[in-house]
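Encoded as structure tokens, the structure appears first; notes follow it.
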Amino acid sequence: MSLAFTLAAPPDELAVEAGRRLFAGPVEFVKGVTRMEGLPPADRIEVCFAGRSNVGKSSLINALAGRRALARASNTPGRTQEINFFALGPARYLVDLPGYGYAEAPVAVVAQWQALLKSYLAGRATLRRAFVLIDLRHGVKAVDEEIMTLLDRSAVTFQVVMTKADKVNRATREGSIARSIAALRKHPAAFPEIVVTSSEKGEGIETLRALIATLE
Ligand code: GTP
Ligand code: MG
């Protein structure tokens, strides 16, 4: 089977409206989890945001929710150190994950988050989609490949979201998108559409809201 990987088409009006309504409603922090035993009951659909430290996971959740500081974001890689659950209306969780790769934190602590992150990604029955964030400036790195391979093995559909579009020029943007698409062809669990975003300028946010609203 050969899948044509493309940029996500603009969502139709109904989906955009569903996304707008969903995210205009309550988005509330539920809990931060440091052990698998601490996960909330698996009683609803959830989507998570995975990616290297500093790629913009927490910022993207804030942009989706239209809130400045719902999820804690910062310029220090390793800001998010727990698995943070946010209830999006009554029937969905948004999940902010600790970053992988580089982090300014002690090695033993980082090793502990990484183990938790991997257990979560491989073993959460209600995880409908993992958004794997890739910085447009950096592209897909070896650590991203490792996470994508874990998601392949766990049969968790993942979708690549390129971040920080406001920071690159057109040539960098296009080259980075093309290389990411090439990397995705090797991954059976990759959803064949990628989304380009800027949490700063709002690009791609409406599309992502619509996508999350229409997942079942
Ligand atoms: P960890 O929790 O440490 O893994 O990082 P994270 O992936 O949650 O990144 P975070 O959202 O904390 O953002 C990291 C830095 O990138 C912050 O300084 C953000 O302001 C910045 N940033 C995130 N998204 C964007 C974006 O779309 N555009 C620009 N210009 N900066 C961004
Ligand atoms: Mg974070």
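Since this is a predicted model, take the numbers as computed values, not measurements. Numbering of ligands and ligand atoms starts at 1, following listing order. Numbers for residues simply follow the sequence, beginning at 1.
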Ligand 1 atoms in contact with V55 (distance to a heavy atom under 4.0 Å):
7 (O)

At a non-hydrogen distance cut-off of under 4.0 Å, which region of K167 contacts ligand 1 (side chain, backbone, both, or neither)?
side chain

Taking only heavy atoms of S198 into account, list the atoms of ligand 1 that are under 4.0 Å away from them.
27 (O)

Taking only non-hydrogen atoms of G99 and a 4.0 Å limit, the atoms of ligand 1 in range are 4 (O)

Polar contact flag for L60 and ligand 1 (N/O pairs, less than 3.5 Å)
no

Just wondering, are more than 12 heavy atoms of other shown residues or ligands nearer than 6.0 Å to CD in E203?
yes

Listed once per pair and sorted, the salt bridge (charged side-chain N to carboxylate O under 4.0 Å, His left out) pairs that draw on residues 137-153, sequence neighbours left out
K118-E146, D135-R137, E145-K186

Nearest non-hydrogen contact with atom 4 (O) of ligand 1 belongs to which option: K57, E200, K164?
K57

Do you know the tightest heavy-atom contact between T207 and P11?
OG1-CD, 3.6 Å

L39 and F85: CA distance, side-chain angles, deciding distance, side chain to side chain contact (heavy atoms under 4.5 Å, CB included) verdict
CA-CA 9 Å; L39 295 179; F85 282 81; 3.7 Å; yes

Does G51 have a heavy atom less than 4.0 Å from any atom of ligand 1?
no

Could you point out which residue of R124, R128, R129 forms a side chain to side chain donor-acceptor pair (under 3.5 Å) with E46?
R124

Can you find an N/O atom of R72 closer than 3.5 Å to an N/O atom of ligand 1?
no

Ligand 1-proximal atoms of T80, by part, heavy-atom distance under 4.0 Å:
both

Kindly check if the number of other-residue, nucleotide or ligand heavy atoms within 6.0 Å of CZ (R72) is above 12?
no

Looking only at protein heavy atoms, which one is nearest to atom 13 (O) of ligand 1, and how far off is it?
S59 OG, 3.4 Å

Is there a side-chain contact between T149 and H187 in this structure, where contact means two heavy atoms from C-beta onward sitting under 4.5 Å apart?
yes

Using a 3.5 Å cut-off on N or O atoms only, is N54 in polar contact with ligand 1?
yes

In terms of side-chain geometry, is the basic nitrogen of E206 or R209 positioned less than 4.0 Å from the acidic oxygen of its partner?
no

Under 4.0 Å from any heavy atom of N75, which atoms of ligand 1 are there?
18 (O)

Quick one: are L121 and L127 in side-chain contact, heavy atoms under 4.5 Å?
yes

Evaluate A165 for polar contact with ligand 1, using N/O atom pairs at a separation under 3.5 Å.
no

State the atoms of ligand 1, each with its element, that fall below the 4.0 Å cut-off from a heavy-atom position in A73.
10 (P), 11 (O), 12 (O)

Write out the residue and atom name of the closest protein heavy atom to atom 9 (O) of ligand 1, then the distance separating them to 0.1 Å.
G56 N, 3.2 Å

Linking Ile, Leu, Val, Met, Phe, Trp and Tyr through side-chain heavy atoms less than 4.5 Å apart, which residues share a cluster with L215?
L22, F23, V27, F29, V47, F49, V55, L60, I61, L64, L70, F86, L88, L94, F131, L133, V161, V195, I205, L208, L211, I212

Are any non-hydrogen side-chain atoms of L116 and M36 less than 4.5 angstrom apart?
yes

Pairs under 3.5 angstrom only: tabulate donor-acceptor contacts from the side chains of residues 174-184 to other protein residues two or more places apart or in another chain.
residue, atom, partner, partner atom, Å
E174, OE2, R170, NH1, 3.1
S176, OG, L136, O, 2.8
S180, OG, S176, O, 3.0

Tell me whether K31 contacts the main-chain N or O of P40 through its side chain, where contact means a donor paired with an acceptor under 3.5 Å.
no

Would you say ligand 1 has an N or O under 3.5 Å from any N or O of S199?
yes

Starting from atom 28 (N) of ligand 1, find the nearest protein heavy-atom neighbour and note its residue, name and distance.
D166 OD1, 2.7 Å

Name the closest protein heavy atom to atom 17 (C) of ligand 1, giving the residue it belongs to and the distance to 0.1 Å.
S74 O, 3.6 Å

Below the 3.5 angstrom mark, is there an N/O of T163, backbone or side chain, next to an N/O of ligand 1?
no

Look at atom CD of E37 and say whether more than 12 heavy atoms of other residues, nucleotides or ligands are closer to it than 6.0 Å.
yes

Looking at every non-hydrogen atom in both residues, tell me the closest pair between N62 and A73 and how far apart they are.
ND2-CB, 4.5 Å

The Mg ion (ligand 2): which protein N, O or S atoms are under 2.8 Å away?
S58 OG, T80 OG1

